[in-house]
> 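For reference, the structure I am asking about is given below.
All chains are named by letter (A, B, ...) in the order of the sequence lines, taking the proteins before the strands, and each is independently numbered beginning at 1.
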Amino acid sequence: MTEPNKNAVENTTATPSDFIRDIVTQHVAEKRYPLIHTRFPPEPNGYLHIGHAKSICLNFGIAREFGGVCNLRMDDTNPTKEDIEYVESIQEDVNWLISGWANDRLGLKPKGKTPEVTNTNGSPDFILPATTNNDQPASNSEPFYASDYFNQLFEYAVALIRKGKAFVCDLTPDETDEYRRHAKESPFRNRSVEESLDLFARMKAGEFPDGTRTLRAKIDVASPNIWLRDPLIYRIRHAEHHHTGAQWCIYPMYDFAHCLSDYIESITHSICTLEFEVHRPLYDWILESLGLSRLLPKQYEFARLSLGYTVMSKRKLMQLVNEGLVTGWDDPRRPTICGIRRRGVTPEALRNFAYNIGITKYNGLTDVAVLEHAIREDLNKRALRRLVVLRPIKVVITNLDAGRTEELDAVNNPEDENAGKRKIPFSRELYIERDDFAEVPPPKYFRLRPGGEVRLKYAFIIKCDEVVKDAAGKITELRCTADFESKSGGANAGRKVKGTIHWVSATHSVEAEVRLYDRLFTVPEPDAEGDFKRHINPHSLEVVAARCEPSLKEADPRMRYQFERLAYFALDKESMPGKLVFNRTITLKDNWAKEAPRS
RNA sequence: UGCCCGAUGGUGUAACGGUAGCACAAGUGACUCUGAAUCACUUUGUCAUGGUUCAAAUCCAUGUCGGGCAGCCA
């Protein structure tokens with residue numbers, strides 16, 4: 001049997017080019033950093049989706065192309081939204097997507113390891129180096145967690161207060177909002193360093209309820225950039241954290257935690273999406289205000305992915321799960337990485353897609369056709385061809401005896417001669433696809449019709465002699481005669497007929513549940529206006545009982561299949577020996593579907 | 001409203017002051033024991049107006065349109 005990953009195609013030779021890689025290239029040329037170090041920092045509050053895949057491919061791609069490292073970091077500074085379930089799924093999805101490509105660039109840390117002090121002369125300074133798969137067996141490693149730096153972040157915050165650059169503020173959330181909107185200084189802005197230090201320590205000790213006090217950076221309340229108007233950097237939250245437990249009741253805000261986590265991990269290029277652009281001055285301000293001794297990371301922003309006929313926001317994806325509109329996070333109709341994987345898409349296809357769409361600062365809408373093309377291109381090269389009839393109609397070969405079986409040769413993959421051949425049984429009773437017979441054929445129809453001929457793939461040319469119907473007028477079977485000389489290699493093998501259709505032997509075929517997936521939404525931008533759920537496609541899933549050629553009894557979950565003339569399929573995780581379940585990954589391109597309605 | 005960012009065929013992107021190219025999509029034809037794949041060909045574009053320059057998609061100015069931010073979310 002062929003290796004599952006053999007014959008894969010990937011743009012590994014072409015080097016992607018975009019404005020971020022241009023910057024990195026220049027930094028490498030001027031030897032600005034000893035090592036190019038990126039990071040992928042998801043918040044564990046949901047499952048990863050194809051938009052994250054774009055970011056993963058960017059960050060790991062850069063690490064790969066420039067001989068660097070990309071840390072996986074849980075950006076877990078908000079205990080009320082995050083969960084261990086998401087931590088686990090994130091690791092699984094990242095590993096799946098980068099395996100065989102950039103898994104050797106994955107930056108982890110030894111289990112339980114926390115940052116070390118690098119500078120003892122007054123201001124605190126911490127470092128936590130990454131290890132890669134090359135340095136350390138994966139079982140002793142774990143991802144980075146922003147929450148592992150809570151001690152260090154606390155010390156950095158104290159340092160900021162000491163420098164007179166942060167203060168404890170007693171304003172309520174509403175008041176804070178109000179003051180900020182009107183560019184008004186907090187009445188607590190000028191309280192003494194000692195008092196802020198004392199209050200901050202007491203915040204940490206749990207003396208105050210949620211929302212009563214915050215730690216704020218002292219920057220510029222009149223700044224045109226809202227994020228510089230004395231932004232909050234710590235808030236009180238009496239909540240258990242999935243990673244640090246009940247240790248803390250104050251938690252750092254994103255802006256404070258992120259830049260410093262990058263610094264601690266020696267990140268050089270901190271790449272995020274466009275909505276953080278206005279935060280960049282704050283990112284720089286915090287790092288510069290602390291007077292840190294090592295090279296500072298820099299933030300760069302690119303446009304997040306929007307894809308046609310789907311929704312990408314975590315909130316909406318969560319809503320679809322909670323309201324039972326899909327079966328779960330890994331429902332194959334969803335744009336989540338696990339859903340895409342379950343559907344049968346390979347990591348290579350997803351990476352090629354990410355490569356093809358490029359990286360810019362323009363917020364566009366990517367056509368799903370680009371994704372579909374990447375999937376088809378990959379599957380065409382690797383999928384094993386099989387004959388399966390989705391909606392059967394019976395065909396009786398009247399000039400073949402009942403007990404007789406012919407064994408016919410079939411090519412496993414015309415795109416890969418190493419994939420070999422297999423035998424398919426042919427007998428008196430067959431099934432063909434209902435769509436492949438038309439009693440009253442439309443123009444240019446070249447499949448089977450009354451009195452017409454068609455070739456059965458890998459087998460014989462048959463002629464339809466009689467259409468049998470039941471009392472209600474429904475077609476129950478087609479009675480046909482076969483030209484046994486027309487078999488591949490036979491005397492009449494070269495005989496031309498217009499159509500070739502797929503078939504299975506009725507007696508030898510095995511049943512399978514086949515799940516036919518279509519796009520989840522009926523419009524290109526479901527969330528453009530109004531309620532996105534109004535646009536859910538009622539036909540996004542159809543389940544049929546299909547008849548498969550017998551070789552599919554040994555179907556392998558690692559393999560991909562093309563049911564000839566129909567679509568690409570993969571085994572679902574619910575499939576069992578004796579109870580086959582296939583998911584349709586994507587249909588074959590169908591020009592007939594475009595042609596037929598014209599007539 | 002304030003601040004920030006962006007605009008190249010239908011869609012997504014390249015061109016780094018010097019021939020507007022690529023991919024997807026669409027269309028035509030060839031081939032075909034998959035109406036697939038493959039191959040060949042074709043259609044369609046620099047937001048607008050000024051300026052700088054021998055030369056502008058690229059630099060400058062103004063405008064138009066689009067997006068983002070204004071959580072004790074990330």
> Do the rings of A/Tyr263 and A/Tyr156 sit parallel, tilted or perpendicular, given the 30° and 60° boundaries?
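Correct class here is perpendicular.
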> Do other residues, nucleotides or ligands put more than 12 heavy atoms under 6.0 Å from A/Glu417 CD?
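Atom CD in A/Glu417 is not packed in, count stays at 12 or less.
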> Relative to the 5' end of RNA chain B, which residue comes earlier, A/Gly364 or A/Ser486, by the nucleotide with the nearest heavy atom?
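Mapping each residue to its closest nucleotide by heavy atoms, the 5'-most match is A/Gly364.
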> Between C1' on B/A37 and CD1 on A/Ile586, what's the gap in Å once rounded to a whole number?
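Computing the A/Ile586:CD1 to B/A37:C1' distance gives 15 Å.
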> Expressed as a whole number of angstroms, how long is the span from A/Lys487:NZ to B/C33:P?
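In whole Å, B/C33 P and A/Lys487 NZ are 18 Å from each other.
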> Expressed in angstrom and rounded to an integer, what is the separation of A/Leu379 atom CG from B/A37 atom P?
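Going from A/Leu379 (CG) to B/A37 (P), I get 13 Å.
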> Can you say whether the rings of A/Phe563 and A/Phe569 are parallel (under 30°), tilted (30 to 60°) or perpendicular (over 60°)?
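Judged by the thresholds at 30° and 60°, the geometry between A/Phe563 and A/Phe569 is parallel.
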> Using atom P in both nucleotides, what's the gap between B/G27 and B/G63 to the nearest angstrom?
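Taking atom P in both B/G27 and B/G63, they lie 43 Å apart.
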> The side chain of A/Thr176 is closest to which nucleotide in this list: B/C72, B/A25, B/G35?
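Nearest listed nucleotide: B/C72.
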> Counting only side-chain nitrogens and oxygens, does A/Lys589 get under 4.0 Å of the OP1 or OP2 atom of B/A37?
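It does, given that an N or O in the side chain of A/Lys589 lies less than 4.0 Å from OP1 or OP2 of B/A37.
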> Is there a side-chain polar atom (N or O) of A/Arg280 under 4.0 Å from OP1 or OP2 of B/C4?
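So the side-chain polar atoms of A/Arg280 never come under 4.0 Å of the phosphate oxygens OP1 or OP2 of B/C4.
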> Is there a Watson-Crick or G-U wobble partner for B/U32 with both distances under 3.5 Å, and if so, which one is it?
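Pairing partner: none.
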> Return the nucleotide paired to B/C3: Watson-Crick means purine N1 to pyrimidine N3 with N6-O4 or O6-N4, wobble means G-U with N1-O2 and O6-N3, both under 3.5 Å.
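B/G68 - that is the nucleotide pairing with B/C3, both distances being under 3.5 Å.
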> When the ring planes of A/Trp503 and A/Phe426 are compared, do they come out parallel, tilted or perpendicular, using 30° and 60° as the limits?
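Perpendicular, since the angle between the ring planes exceeds 60°.
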> Going by purine N1 to pyrimidine N3 plus the second Watson-Crick contact, or the G-U wobble pair, all under 3.5 Å, which nucleotide sits opposite B/C22?
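Its partner is B/G12 (Watson-Crick or G-U wobble, both distances under 3.5 Å).
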> Does A/Asp22 contact B/C16 through a side-chain donor or acceptor facing the base, at a distance under 3.5 Å?
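Such a pair exists between side chain and base.
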> Applying the Watson-Crick and G-U wobble criteria at under 3.5 Å, what pairs with B/U46? Answer none if nothing qualifies.
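In the structure as shown, B/U46 has no Watson-Crick or wobble partner.
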> From CD of A/Glu595 over to C1' of B/U34, roughly how many Å is that when rounded to an integer?
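It works out to 18 Å between those atoms.
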> I want to verify the glycosidic state of B/G71; is it syn or anti under the 90° rule?
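Syn conformation for B/G71.
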> Looking at A/Thr500, does any N or O in its side chain come under 4.0 Å of the phosphate oxygens OP1/OP2 on B/U32?
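No, because none of the side-chain N or O atoms of A/Thr500 sits under 4.0 Å from OP1 or OP2 of B/U32.
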> B/U11 and B/A48: how far apart are their P atoms, nearest whole angstrom?
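Those two atoms are separated by 15 Å.
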> Does B/A55 have a Watson-Crick or wobble partner in any strand here, with both distances under 3.5 angstrom, and which is it?
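Across any shown strand, B/A55 pairs with none.
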> B/U13 phosphate, OP1 or OP2: any side-chain N/O from A/Thr360 under 4.0 angstrom?
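Yes, because at least one side-chain N or O of A/Thr360 sits under 4.0 Å from OP1 or OP2 of B/U13.
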> To the side chain of A/Glu564, which of B/C33, B/C24, B/U34 is closest?
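Nearest to the side-chain atoms of A/Glu564, counting from C-beta on, is B/U34.
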> Quick one: is B/A26 close enough that its OP1 or OP2 comes under 4.0 Å of any side-chain N or O from A/Lys594?
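Yes, because at least one side-chain N or O of A/Lys594 sits under 4.0 Å from OP1 or OP2 of B/A26.
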> Step by step, work out the side-chain hydrogen bond (donor to acceptor under 3.5 Å, both in side chains) result for A/Arg229 and A/His182.
CA-CA 10 Å; A/Arg229 320 248 262 225; A/His182 295 101; over 6 Å; no
> Could you tell me how far apart A/Leu307 (CG) and B/A25 (P) are, to the nearest whole angstrom?
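After rounding, the gap between these two atoms is 14 Å.
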> May A/Trp592 be described as stacking on the base of B/G35, applying a 5.5 Å centroid limit and a 30° limit on plane angle?
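Taking the rule of under 5.5 Å and under 30°, the ring of A/Trp592 does stack on B/G35.
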> With a cut-off of less than 4.0 Å, is there a side-chain N or O of A/Arg304 near OP1 or OP2 of B/G67?
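Checking B/G67 against A/Arg304, no side-chain N or O comes under 4.0 Å of OP1 or OP2.
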> If only side-chain N and O atoms of A/His373 are considered, is one of them under 4.0 Å from the OP1 or OP2 phosphate oxygen of B/C24?
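Yes, A/His373 has a side-chain N/O under 4.0 Å of OP1/OP2 on B/C24.
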> Just how far, in rounded Å, is P of B/C72 from CG of A/Asn78?
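It works out to 12 Å between those atoms.
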> As a test of reading the structure: which of B/G71, B/G35, B/U8 is closest to the side chain of A/Tyr362, going by heavy atoms?
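Looking only at side-chain atoms, A/Tyr362 lies closest to B/U8.
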> Once you measure the plane-to-plane angle for A/Tyr561 and A/Phe582, does it fall in the parallel (<30°), tilted (30-60°) or perpendicular (>60°) bin?
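A/Tyr561 vs A/Phe582 ring planes: perpendicular.
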> Rounded to the nearest Å, what distance is computed from the CD atom of residue A/Glu277 to the C1' atom of nucleotide B/G66?
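For the pair A/Glu277 CD and B/G66 C1', the rounded distance is 14 Å.
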> Where the side chain of A/Glu275 is defined as all heavy atoms beyond and including C-beta, which of B/G12, B/C69, B/C73 is the nearest nucleotide?
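Of all the options, the side chain of A/Glu275 is nearest to B/C69.
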> Once you measure the plane-to-plane angle for A/His52 and A/Phe40, does it fall in the parallel (<30°), tilted (30-60°) or perpendicular (>60°) bin?
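Rings of A/His52 and A/Phe40: perpendicular, as their planes differ by over 60°.
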> Reckon A/Arg180 has a side-chain N or O less than 4.0 Å from the OP1 or OP2 of B/C72?
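Yes, because at least one side-chain N or O of A/Arg180 sits under 4.0 Å from OP1 or OP2 of B/C72.
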> Tell me whether the OP1 or OP2 atom of B/U34 has a side-chain N or O from A/Arg386 closer than 4.0 Å.
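No.
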> OP1 or OP2 of B/U38 sitting under 4.0 Å from any side-chain N/O of A/Arg376?
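Answer is no, no contact under 4.0 Å.
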> Atom CG of A/Leu232 and atom P of B/G71: how far apart are they, to the nearest Å?
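Answer to the nearest Å: 11 Å.
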> Of the candidate nucleotides B/C33, B/C73, B/A36, which contains the atom at the shortest distance from the side chain of A/Met253?
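Nearest to the side chain of A/Met253 among the choices is B/C73.
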